[in-house]
Amino acid sequence: MTPVKLLLLKPGHGDVLLAEGDPEVAEDEERLIEEFRRQLDQGMWAAVPRPGGGGRREATMVRAFSEVPADAERVIFFAPAAGG
Amino acid sequence: MDALVVVSMGLLLAILATVGFGPAIADRIRGRGPRQRRRAVRRLPVYDPGRERRAETRARELMRSIVGPEEHAMYEDLGFVRVLRSGDGERAATYGYLLYPHRPIVAYDPDTGELLSEYCVRFSDRDEPGAGTRLPDADDVLAKWMVLHGDERGLIEEANMHLPGRQHHPDHLRRDLARLAEWEARRPIASGTAAPVSARLYKGGGGRGVSSWAEREHPVT
């Protein structure tokens, strides 16, 4: 696994780094999982940007740290969508 | 008799003082007095006119690293991002979406250019008073882009759907589709990702999706 950054899209700030670490290192993994859960408990949504086929880019929504693909470099948290 | 008068006056003054100053004293004890309120106001971040600009710069940088150079350039040049999504299954229709910052997502038919609907969604975070609740523009578009790619159906179900024209003027949308076509026609073709996204998605579809439609309607001179 590559090191993963957990980022939060924050009003008035842009992205904020919440946690960073190598999920293969037990201590890092524990910290990442804890932060991941904390964000989801606050109602945030999590997306993992990934390269798609043919040079295009994709993103996957995840609901648990175990769903984060092994090659993911970033998980982006943001407030949930609501009808405007 | 004098002592009785003095005691009565004392009691009267005590009652008046309780009525007059009691609520203020109680507020101060509870931490809601004017001094505490002034202190709370002071804790709010000082207004920084450059903060939003820096946040937007940061957000654009993040967007560039996630959506790729094509769509990032689209946002920089046109102020919106176009996303084409193919539904599930062989016969599923393909939809085009125009993502504007802090405005409804617009769905259209890339083959005909017909405007289909507006989807109103917002990503509000009330975590930090003083920072506002709006994401920087590029972050708002990025959030829409990620959810559209990751959970298109979920986003559409969450949004309030309206007919085109509710918040976007249809003429402006048609103009933006024409600008997009012109932009794609002028854009240098990079190796590896040579064809515009519309062309890649519409193999055998009789042209370049929105570009072919928009070029017919608004030929580039």
Side-chain angles (χ1 to χ4, degrees), chain A residues 2-20 34-84, chain B residues 45 48 51-52 54-62 65-71 84 102-104 119-128 130-136 138-140 142-151 154-155 157-161 167 190 192-195 197 200-201:
Chain A
T2 51
V4 178
K5 284 182 181 175
L6 305 187
L7 302 172
L8 172 68
L9 301 186
K10 205 168 174 59
H13 292 275
D15 60 296
V16 175
L17 179 66
L18 300 170
E20 183 177 9
E34 188 180 332
E35 186 59 41
F36 191 100
R37 283 184 183 151
R38 199 169 71 85
Q39 292 302 318
L40 261 62
D41 286 348
Q42 290 178 4
M44 295 293 169
W45 284 4
V48 179
R50 305 190 67 199
R56 286 187 298 121
R57 308 288 182 93
E58 290 290 340
T60 308
M61 303 300 290
V62 291
R63 290 176 179 79
F65 190 76
S66 58
E67 294 177 11
V68 177
D71 59 349
E73 295 176 354
R74 289 171 293 190
V75 180
I76 316 280
F77 294 94
F78 49 96
Chain B
D48 175 1
R51 190 181 62 187
E52 288 189 12
R54 289 193 299 276
E56 176 62 14
T57 302
R58 190 176 175 81
R60 288 182 184 213
E61 188 58 32
L62 181 70
S65 70
I66 290 177
V67 305
E70 174 95 6
E71 282 159 311
L84 294 168
H102 301 293
R103 301 194 72 192
Y119 295 101
C120 301
V121 285
R122 58 188 170 83
F123 303 91
S124 291
D125 181 358
R126 300 182 188 281
D127 189 37
E128 186 180 328
T133 59
R134 279 163 61 111
L135 291 171
D139 274 352
D140 184 72
L142 176 63
K144 287 169 180 163
W145 184 93
M146 290 190 293
V147 182
L148 208 46
H149 281 80
D151 185 11
L155 180 67
E157 285 175 359
E158 196 67 45
N160 289 331
M161 191 190 81
Q167 288 194 44
T193 56
V197 178
R200 276 184 261 124
L201 275 177

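Every chain is numbered from 1, with letters handed out A, B, ... down the list of sequences.
- Looking at A:R74, the atoms closer than 4.5 Å to chain B (heavy atoms on both sides) all sit in the side chain, from C-beta outward.
- Between B:L155 and A:M61 the shortest side-chain heavy-atom distance does not fall below 4.5 Å.
- Residue contact with chain A, scored on non-hydrogen atoms closer than 4.5 Å, involves the backbone and the side chain of B:V121 alike.
- Within 6.0 Å of the CD atom in A:E34, the count of heavy atoms belonging to other residues, nucleotides or ligands does not exceed 12.
- In plain terms, the two heavy atoms of B:E158 and A:A82 that are nearest each other are CG-CA, 4.2 Å.
- A distance of 4.5 Å separates CG in B:L62 from CG in A:D15, rounded to the nearest 0.5 Å.
- No more than 12 heavy-atom neighbours from other residues, nucleotides or ligands sit within 6.0 angstrom of CD on A:E73.
- Among all heavy-atom pairs drawn from A:L9 and B:A143, the shortest one is CD1-CB, 4.4 Å.
- The CE atom of B:M146 lies 11.0 Å from the OG1 atom of A:T60; values are rounded to the nearest 0.5 Å.
- Rounding to the nearest 0.5 angstrom, the gap separating the NE2 atom in A:H13 from the CG atom in B:D139 is 11.5 Å.
- For the pair A:R57 (side chain) and B:S65 (backbone), a donor-acceptor distance under 3.5 Å is present.
- In this structure, chain A has no heavy atom under 4.5 Å from any part of B:E52.
- Considering all non-hydrogen atoms of both residues, B:P136 and A:G12 come closest at CD-N, 4.2 Å.
- Contact record, A:A81 with B:F123: CB-CE2, 3.5 Å, taken as the closest heavy-atom pair.
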Check: Do B:V147 and A:F78 pass the side chain to side chain contact (heavy atoms under 4.5 Å, CB included) test, and can you show the C-alpha distance, the side-chain angles, and the key distance before you say yes or no?
Finding: CA-CA 10 Å; B:V147 182; A:F78 49 96; 3.5 Å; yes

